[in-house]
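Contents: one structure, followed by commentary.
The figures that follow rest on heavy atoms only: side chains count, while hydrogens, waters and symmetry mates do not. Quick note on labels: first sequence line is chain A, next is B, and so on, each numbered from 1.
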Amino acid sequence: MLDLKYIRQNSALVREGATKKHIACDIDRILELDAASREMGVEIDQLRQGQKQAGAKIAQASPEERAQLVADQQATKTELKAQEERQQQVTVELQELLLRVPMPPAEDVPDGKDDAQNAELRKWGKPRSFDFEARSHQDLGEMHGWIDVERGARLAGSRNYLLKGDIVLLESAVLRFALDQMVERGFTPVTVPTLVRTEAMRGTGYFPGGEDQAYRCDDRDDLWLVGTAEVPLTAMHAGEILDVADLPIKFVAQSSCYRREAGTYGKDTRGLYRVHQFQKVEQVIIDVADEQKSLEHHAAILNNAEALMQALDLPYRVVNVCGGDLGQGQVQKFDIETWMPSREGYGETHSASRFHDFQSRRLDLRYRGEDGKVAHCHTLNNTVAASTRMLIALLENHQNEDGSVNVPEPLRPYMGGRDLIGKAGS
RNA sequence: GGAGAGGUGGCAGAGCGGCUGAAUGCGCGACAUUGCUAAUGUCGUGACCUCGUAAGGGGUCCGGGGGUUCGAAUCCCCCCCUCUCCGCCA
């Protein structure tokens, strides 16, 4: 959510930002409603002032005077009520529109409509050229009985799966390695609820708009399954005024993630690339509202993920996501795309975003600065490791001709020292 | 799920229709005093909206939302949360 004052003073900029993001929003209507609401506010304040003063008089009046004074107040009461109702209507519409105004993107966000226009920033590692027929992760999975999509679907419908055997240990190893790496880098590990209130979804910017992509409990509870631990991590301090001495807050959490993937029928149907449930280690930073610090954190959380990929010897590239591919609240986003031989291309594995105060305004997440002033925080987040896509990359990039898979060195301590899985007869 | 108690400022905790944005204590800040620290004293110490160039003015907020009333932190209703007991349960 943007500050109404900011929109008032920078309407052109906000309009341009929306255009660059290819998101429609009615700034004119917002300004119109804002002006109307403030005008009514002044009148209402005056009415209330009168009412309060009259009230004080009534309290001290003699019984005979009192009846007359009370009668006089009836008119004020009625008028006030009518005015408040009118303002209420305006406010409701205004809030609804405000929730949909996008955060203007950073200047160096490339123009573009969709991910085809994302700009590659750099590449790391070389896609391996196989001197044998490389297998896809689903073929490897089937070969070793590691991935069971059929029974996954039987249990829970399409895009569900079971993992079985050594791949489970590999999954667990990569997640734990990711978590340990982040703790080493100063992040506090957190276990979070994966069912959250609508408020948390709205506060982090997923709603309104993303309802179709989230699983909802039935109407006995106002709860949604999160698509990422970003939601509980970012929202956990909602409504608080943090002490600047406690900032920056750096959290890392491993959680299950749930995505409905509505509207993706026929897309990435094979294998583990697009599934309804996976495990993810996620990093979140909450800090003061300072552009420079935000930029530094953004670089840092991106680096955290790159370091992990390098340690696992997985070739990747980093892209600067274009305006049309940015979410409503993101100022800027860098994706890491990892080489996946079966796709003969790079597939998204990480997404590092910074939001300025977009989320913190919705969440009412603030801090008291050195000067005693209260301001909304800046928030950022990035993937560290998403289980299924990491497994795709690990299996496909590190496979051998016989279908066995090399375990990258950093994961071996988490796998009882094993350096290979899927060796025939082992 | 059933029964009861309760949610007030950074924290603790009064208030239970008008004099209360809120006593008191702690914490925090400034100043004073004592050689430093400690201690003591005095003053100050919430957020938000709005009008105003400013000084300053007005308004809102006592878990959230409705209602009663000339007037609500205080009375009524709904929801959320916490605690105690019972039930169920990994």
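Side-chain to base pairing of D45(A) with G58(B): one donor and one acceptor N or O lie within less than 3.5 Å of each other. Residue R366(A) places no side-chain atom within donor-acceptor reach of the base of G46(B), judged by atom type and a 3.5 Å distance cut-off alone.
The V374(A) side chain lies nearest to C48(B) when the options are C51(B), C48(B), G18(B). In this structure, the nucleotide among A47(B), C70(B), C51(B) sitting nearest to the side chain of V42(A) is C51(B). Among the nucleotides G18(B), G58(B), U50(B), the one closest to any side-chain atom of Q49(A) is G58(B).
When the side-chain nitrogen and oxygen atoms of K52(A) are compared with OP1 and OP2 of G71(B), none of them lie within a distance under 4.0 Å. The shortest distance between the side-chain N/O atoms of R48(A) and the OP1/OP2 oxygens of G71(B) is not below 4.0 Å. OP1 or OP2 of A47(B) sits under 4.0 Å from a side-chain N or O of R368(A). Not one side-chain nitrogen or oxygen of Q51(A) sits closer than 4.0 Å to the OP1 or OP2 atom of C70(B).
When both pairing distances are held under 3.5 Å, U40(B) makes a Watson-Crick or G-U pair with A32(B). When both distances must be under 3.5 Å, the Watson-Crick or G-U wobble mate of C75(B) is G67(B). The partner of A23(B), taking Watson-Crick or G-U wobble pairs whose two distances both stay under 3.5 Å, does not exist in any strand shown. Searching all strands for a Watson-Crick or G-U wobble partner of U84(B) with both distances below 3.5 Å returns A3(B). Nucleotide A90(B) is matched to nothing when pairs are restricted to Watson-Crick or G-U wobble geometry with both distances under 3.5 angstrom. In a base pair of the Watson-Crick type (N1 to N3 plus N6-O4 or O6-N4) or a G-U wobble (N1-O2 and O6-N3), with each distance short of 3.5 Å, C62(B) is matched with no nucleotide.
A cation-pi contact links R389(A) to Y273(A), judged by a cut-off of 6.0 Å to the six-membered ring centre and 45° from its axis.
Salt bridge status for D243(A) with R368(A): absent, with no side-chain N to carboxylate O gap under 4.0 Å. Ion pairing between R270(A) and D139(A) holds under the 4.0 Å rule for side-chain N and carboxylate O. Using a cutoff of 4.0 Å between basic side-chain nitrogens and carboxylate oxygens, R29(A) and E32(A) are scored as salt-bridged.
Annotation: U82(B) and G63(B) have their C1' atoms spaced 11 Å apart (nearest Å). Using atom P as the reference point in both G4(B) and C89(B), the two lie 24 Å apart (nearest Å). A distance of about 30 Å separates the P atoms of G67(B) and C11(B), rounded to the whole Å. Comparing U69(B) with A14(B), their P atoms are spaced 32 Å from each other, to the whole Å. Across G57(B) and G17(B), the matching C1' atoms stand 28 Å from one another, rounded to whole Å. Between G27(B) and U33(B), the distance separating the two C1' atoms is 22 Å to the nearest Å. When the C1' atom is used for both G25(B) and G2(B), the distance is 39 Å, rounded to whole Å. Comparing the same atom, C1', in A47(B) and in G41(B) gives a spacing of 31 Å after rounding to whole Å.
Summarising the geometry, the separation between NZ on K373(A) and P on C48(B) is reported as 11 Å, rounded to the nearest angstrom. Here G10(B) presents its P atom at 16 Å from NE2 of H237(A), a figure rounded to the nearest Å. Atom-to-atom, CD of Q83(A) to P of C49(B) comes out at 22 Å; the value is rounded to the nearest Å. Rounded to an integer number of Å, the gap from Q73(A) CD to G18(B) C1' is 13 Å. Counting to the nearest Å, the P atom of U60(B) and the CG atom of L47(A) are 12 Å from each other. In this entry the distance linking CD of E84(A) with C1' of G67(B) reads 13 Å, nearest Å. Per the geometry, CD belonging to Q88(A) stands 14 Å off C1' belonging to U60(B), to the nearest Å. When the P atom of U60(B) is taken as reference, atom CD1 of I44(A) falls 11 Å away, rounded to whole Å.
Note: F207(A) and W224(A) have perpendicular aromatic rings, judged against thresholds of 30 and 60 degrees for the angle between ring planes. Between Y215(A) and Y258(A), the ring planes lie perpendicular to each other; the angle is over 60°, past the 30° to 60° tilted range.
Side chain of T264(A) to backbone of E261(A): a donor-acceptor contact under 3.5 angstrom is found. The main-chain N or O of S351(A) is found under 3.5 Å from a side-chain atom of T383(A) such that the two form a donor-acceptor pair.
Positionally, the nearest nucleotide of RNA chain B for Q53(A) lies more toward the 5' end than for the other of Q53(A) and K77(A). Residue order along RNA chain B, read from the 5' end via each residue's closest nucleotide, puts I241(A) first among I58(A) and I241(A).
Counting non-hydrogen atoms under 4.0 angstrom, K57(A) reaches nothing in the nucleic acid. Residue contacts shown for R361(A) are absent, as no nucleic acid heavy atom lies under 4.0 Å away. Residue contacts shown for Q46(A) are absent, as no nucleic acid heavy atom lies under 4.0 Å away. In this structure, L69(A) reaches neither bases nor backbone, as no heavy-atom distance under 4.0 Å exists between it and the strands shown. The residue R197(A) sits close only to the backbone: its heavy atoms come under 4.0 Å of sugar-phosphate atoms, none of a base.
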